[in-house]
Amino acid sequence: MIFDLHPKEKIEELIGREKEVEFTISQLLSGNWVLIAGQREIGKTSLMKVVLNEMKGRYNVRGIYLNLRGVQSLNSLLSLLISEVNREKINFRIKLSFNFVFTSAGIELKKGSKVVNSLLELLNSLDETVIAFDEVQELSNVSKQFLDVLGNVYATNRNVHIMFSGSYVGLVQTLLNPPSSSPLHGRPPVEIRLKPFDRETSVYFLKRGMEEAKVSFDKYEETINKLDGIVGWLTLFGNFYATRKMGYEEALRQTIEEGKKIMIDEFNHFLSDKRNRKLYLMIMEALKFANKWKEIKTGVEIKLGEKIEDKSLSMALKNLLNYNFVTKANEEYRISDPMLKEINFSSLR
């Protein structure tokens, strides 16, 4: 169902992204790897899962989906990959013999096996497979080793097709613009950046969902003005209104409250390794009324009660842009998501 809160897995459930599905599939089949980018709740995971299912249904190519949220080491990645290979019963073109043993439950790692060697053996032994690395920026702390593995796989096993999703930081930036020293130099993935729905598509999405749920509805413009074209928030509202049968005002209020919780969690995750947490919080507060660099700086200094260096502000704004919390156009900065605008960042100190 369109208003089901789980990521979509069937193409008929994925409204407004049909062209992106077909383009992603065409790129994977041509031998290119793909990076799917965009802000939170924009539909990256749904696109990846639909592509995996379409590749299996159309071409009998099996797929593995790996959610890397919180996976920050190659050891954790290897454990997750082994689990999914066993769960999906993925085939091998070359028998694993050095770092693995076969059991009734599937493959298991031999004691004492080295992580990088094991990853290489496993990935290079796979038969025709699509692997989706969701939130790949989580591996930025081990990016060199991971890139070495990817470069080896790209050169060795043409049967492995890879999709990534992530924010424009660390590892993702290196994937898109690999330096001459990178094992992926000259082999960047094709970038597909998902954008919010335009108003026409947003109305169509809500209409399809309401019709499917057999619910009458006429407040399309008012709803889109509040939630923008972010498919995750439109889906959440539709679930509250059409599936749970809440009244309009209550459904909208609940959507905003739940959306704020999700984005607070996301922003706190972003801040977890930032020493100047307070600066980022005050920038987000300043962006509610200021858009130009100098205005933002003035607003932040007033809120902090102290001067800040130009370099510190510019670096913080760049990080916010890279994580899709902020957008920039015509030298103006704006908060990207309507739920972020609802958060009192001063209270997150």
Can you give me the closest heavy-atom contact between Met284 and Ile335, atom names plus distance? O-CD1, 3.6 Å

As a test of understanding, state which of Thr223, Asp337, Asp228 forms a side-chain hydrogen bond (donor to acceptor under 3.5 Å, both in side chains) with Trp233. Asp337

State whether Glu295 and Lys292 are salt-bridged, where the test is any N-O pair (Lys NZ or Arg NE/NH1/NH2 against Asp/Glu carboxylate O) under 4.0 Å. no

Does NZ belonging to Lys245 count more than 12 external heavy atoms closer than 6.0 Å? yes

Minimum heavy-atom separation for Met55 and Ile25, please, with both atom names. SD-CG2, 3.8 Å

What heavy-atom pair brings Ala316 and Leu279 nearest, and what distance separates the two atoms? CB-CD2, 4.1 Å

Are Asn53 and Arg58 close enough that a side-chain donor and a side-chain acceptor fall under 3.5 Å? no

His6/Glu13 under side chain to side chain donor-acceptor pair (under 3.5 Å): CA gap, chis, key distance, verdict: CA-CA 11 Å; His6 296 90; Glu13 299 172 335; over 6 Å; no

Test item: side-chain donor near acceptor, Asn322 and Ser167, under 3.5 Å: no

Hey, do the aromatic rings of Phe133 and Phe146 have their centres closer than 6.0 Å? yes

salt_bridge(Lys297, Glu301) N-O dist < 4.0 Å: yes

Hey, are Glu84 and Arg87 close enough for a salt bridge, meaning a charged N less than 4.0 Å from a carboxylate O? yes

What do the steps show when you test Arg244 against Asn239 for side chain to side chain contact (heavy atoms under 4.5 Å, CB included), and what is the final call? CA-CA 6 Å; Arg244 306 189 196 195; Asn239 188 275; 2.7 Å; yes

Under the side chain to side chain contact (heavy atoms under 4.5 Å, CB included) criterion, do Val61 and Leu29 qualify, and how do the steps go? CA-CA 10 Å; Val61 177; Leu29 290 174; 5.6 Å; no

May I ask you to say whether Lys261 pairs ionically with Glu258, meaning some side-chain N is under 4.0 Å from a carboxylate O? yes

Is the Phe345 ring parallel, tilted or perpendicular to the Phe267 ring (thresholds 30°, 60°)? perpendicular

Decide whether Asn152 and Asn124 meet the rule of one side-chain donor and one side-chain acceptor closer than 3.5 Å. yes

So, Asn32 versus Gln27: side-chain donor-acceptor pair below 3.5 Å or not? yes

Sequence neighbours excluded, the answer for salt bridge (Lys or Arg N to Asp or Glu O under 4.0 Å) partners of Arg334 is Glu332

Can you tell me how far CG of Leu317 sits from CG of Leu287, rounded to the nearest 0.5 angstrom? 6.5 Å

Assess the residue pair Glu250 and Arg253 against the criterion (salt bridge (Lys or Arg N to Asp or Glu O under 4.0 Å)); give the C-alpha distance rounded to whole Å, side-chain angles, the decisive distance to 0.1 Å, and a yes or no. CA-CA 5 Å; Glu250 178 63 10; Arg253 186 188 71 80; 2.9 Å; yes

So, are Arg69 and Glu135 salt-bridged, with charged N and O less than 4.0 Å apart? no

Does a donor on one side chain sit under 3.5 Å from an acceptor on the other, for Ser336 and Asn324? no

Between Arg199 and Asn225, does any side-chain donor sit less than 3.5 Å from a side-chain acceptor? yes

Check the side chains of Ser79 and Ser76 for a donor-acceptor pair under 3.5 angstrom, ignoring hydrogens and angles. no

Under 4.0 Å between a side-chain nitrogen and a carboxylate oxygen: does that hold for Glu211 and Arg208? no

Would you mind checking if Asp148 and Lys144 are paired as a salt bridge, meaning a charged N to carboxylate O distance below 4.0 Å? yes

Using ring centroids (six-membered ring only for Trp), state whether Tyr154 and Trp33 fall under 6.0 Å. yes

Hey, would you say the Phe325 and Tyr280 ring centroids sit under 6.0 Å apart? no

Of all the heavy-atom pairs spanning Gln39 and Ile42, show the shortest one and how long it is. O-CG2, 3.0 Å

So, taking the atom named NE2 in His161 and the one named CD1 in Ile131, what distance separates them when rounded to the nearest 0.5 Å? 10.0 Å

Could you state the interatomic distance from NZ (Lys110) to OG (Ser97), rounded to the nearest 0.5 Å? 6.5 Å

Measure centre to centre between the rings of Phe237 and Phe217, then say whether the value is under 6.0 Å. yes

